[in-house]
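Given the structure is predicted, the values throughout are model-derived calculations rather than measurements. If you read the sequence from its start, that first residue is 1, and numbering goes on from there. These numbers come from the heavy atoms of this one structure, side chains and all, not from hydrogens, waters or symmetry mates.
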Amino acid sequence: MCSLVTRQRPFTVLQRESFEGRLACFRDEVARSLQRSLFFMKHMIRVNRSEILESALVHRVALRQGQIVVSFEGESGIDVGGMSREYFQLLSQELVNPQYALFHSSNGLHRPSPHSSVNPSHLSYFTFCGEVLARMLCDNYQTCVRFTPAVYKFLLGGEECTLSDLKAEDPILLEGLMEVARCQSEESLGQLVTNFTTTFSRFGSLETVELERGGHMRRVTL
């Protein structure tokens with residue numbers, strides 16, 4: 001998506017633009033790309049509201065190269081934009097459903113779950129998530145699904161994260177790191193009983209993992 005925006009204008013130039021200017025540039029690039037593609041082929045898809053994700057996977061090709069015309073099973077109506085918009089809203093919400101173990105949610109924000117591998121197809125699902133979000137951007141659809149700052153920075157080309165970004169990810173971890181940073185002596189640091197391990201909850205049970213080999217034996221020092 002970044003390559004689409006920066007094809008005609010260097011990224012450093014875009015950074016100096018206002019948000020409205022960058023958005024206008026993005027819209028122009030999308031319009032040019034659509035004129036050169038098969039995007040205007042129409043795909044009629046019929047959706048069961050109770051199987052939103054399954055329906056989307058069946059019609060995955062339509063996300064990439066066609067105009068989607070949506071109808072919901074058991075409902076009357078003609079899609080002139082509103083039904084497609086609702087479909088993508090429902091789909092984006094379904095993708096962060098905890099039952100798929102793809103995303104971890106905290107304070108209304110989402111990030112990829114460190115336990116997503118429990119789903120054997122998790123990498124394919126993440127690719128699909130990207131396709132859905134890209135399509136929503138191209139069609140100017142908004143989503144109520146919000147991600148953490150680190151996710152947006154990654155999508156924008158891997159901008160470096162800071163401690164302030166961690167507040168949205170894990171405020172308890174941030175406070176612990178700040179407490180370590182405030183230590184003025186080895187004695188005060190030793191009172192925290194810190195080593196190179198981390199403990200997290202995995203499906204209801206606590207697990208401790210070494211951050212490096214032998215980390216449980218290595219103390220954090222100043």
Quiz item: So, do Arg27 and Asn140 sit near enough that their side-chain heavy atoms are less than 4.5 Å apart?
Solution: yes
Quiz item: Should Met44 and Leu90 be counted in the same cluster of Ile, Leu, Val, Met, Phe, Trp and Tyr side chains packed under 4.5 Å apart?
Solution: no
Quiz item: Applying the 4.5 Å side-chain criterion to the ILVMFWY set and letting contacts propagate, would Leu133 and Tyr152 be lumped into a single cluster?
Solution: yes
Quiz item: In terms of heavy-atom contacts, does NZ of Lys167 have more than 12 from other residues, nucleotides or ligands at under 6.0 Å?
Solution: no
Exercise. Decide yes or no for Thr148 and Asp165: does some side-chain heavy atom of the first lie under 4.5 Å from some side-chain heavy atom of the second?
Key: no
Practice problem: Salt-bridge test for Glu175 and Arg182: reply yes if a basic N is under 4.0 Å from a carboxylate O, no otherwise. | Solution: yes
Exercise. Only counting residues at least two apart or in another chain, list the ones meeting side chain to side chain donor-acceptor pair (under 3.5 Å) with Ser92.
Key: Thr143
Self-check item: Distance-minimising heavy-atom pair for Val118 and Ala101
Solution: CG1-CB, 3.6 Å
Practice problem: Can you measure from NE2 (His43) to NE2 (His59) and round to the nearest 0.5 angstrom? | Solution: 10.5 Å
Self-check item: Among Asn97, Leu91, Val132, side chain to side chain contact (heavy atoms under 4.5 Å, CB included) partner for Leu53
Solution: Leu91
Practice problem: Output all residues satisfying side chain to side chain donor-acceptor pair (under 3.5 Å) with Ser121, sequence neighbours left out; order by chain, then residue number. | Solution: none
Quiz prompt | Taking every non-hydrogen atom, the tightest pair across Tyr141 and Arg85 | solution = CD2-NH1, 3.3 Å
Quiz item: Are Leu173 and Met178 joined in one hydrophobic group, where the rule is that I, L, V, M, F, W and Y side chains link up if heavy atoms are under 4.5 Å apart?
Solution: yes
Practice problem: Following the transitive rule for hydrophobic clusters with a side-chain heavy-atom cut-off under 4.5 Å over Ile, Leu, Val, Met, Phe, Trp and Tyr, establish whether Met83 and Met136 coincide in one cluster. | Solution: yes
Quiz item: Say you draw a straight line from CG of Leu123 to CZ of Phe128; how long is it, rounded to the nearest 0.5 Å?
Solution: 15.5 Å
Quiz item: How many angstroms lie between CD in Glu179 and CG in Leu174, if you round to the nearest 0.5 Å?
Solution: 11.5 Å
Practice problem: Let me see the working for Tyr100 and Leu95 under side-chain contact (heavy atoms from CB on, under 4.5 Å), right down to the final yes or no. | Solution: CA-CA 8 Å; Tyr100 301 113; Leu95 285 169; over 6 Å; no
Practice problem: Given side-chain contact (heavy atoms from CB on, under 4.5 Å), test Glu169 with Arg111 step by step and report yes or no. | Solution: CA-CA 8 Å; Glu169 300 265 354; Arg111 60 180 171 85; 2.3 Å; yes
Quiz item: For the atom pair CZ (Phe196) and CD (Glu212), what is the distance rounded to the nearest 0.5 Å?
Solution: 5.5 Å
Exercise. Answer whether the closest heavy-atom distance between the side chains of Phe147 and Leu155 falls below 4.5 Å.
Key: no
Practice problem: Test Arg49 against every option in Glu54, Glu75, Glu73 by the salt bridge (Lys or Arg N to Asp or Glu O under 4.0 Å) rule and name the one that passes. | Solution: Glu75
Self-check item: Beyond-backbone contact of Val151 with His110, side-chain heavy atoms, under 4.5 angstrom
Solution: no
Self-check item: Joint cluster assignment, Leu109 & Phe126, ILVMFWY side-chain distance < 4.5 Å
Solution: no
Quiz prompt | Listed partners of Arg213 passing salt bridge (charged side-chain N to carboxylate O under 4.0 Å, His left out), at least two apart | solution = none
Quiz prompt | side chain to side chain donor-acceptor pair (under 3.5 Å) involving Thr197 - partner list, sequence neighbours excluded | solution = Asn195
Self-check item: From CA spacing to verdict: side-chain contact (heavy atoms from CB on, under 4.5 Å), Arg135, Ile68
Solution: CA-CA 10 Å; Arg135 181 57 191 261; Ile68 295 177; 4.0 Å; yes
Quiz item: Just by distance, do the side chain of Glu210 and the backbone of Gly214 share a donor-acceptor pair under 3.5 Å?
Solution: yes
Quiz item: Is there a side-chain contact (heavy atoms from CB on, under 4.5 Å) between Tyr125 and Leu57 once you walk through the steps?
Solution: CA-CA 9 Å; Tyr125 274 96; Leu57 290 171; 4.0 Å; yes
Quiz item: Would you say the side chain of Val145 lies within less than 4.5 Å of the side chain of Phe103, judging by non-hydrogen atoms?
Solution: no
Quiz prompt | Partner set under salt bridge (charged side-chain N to carboxylate O under 4.0 Å, His left out) for Glu160, not counting sequence neighbours | solution = none
Practice problem: Applying salt bridge (charged side-chain N to carboxylate O under 4.0 Å, His left out), name anything that partners Glu131, two or more places apart in sequence or on another chain. | Solution: Arg60, Arg64
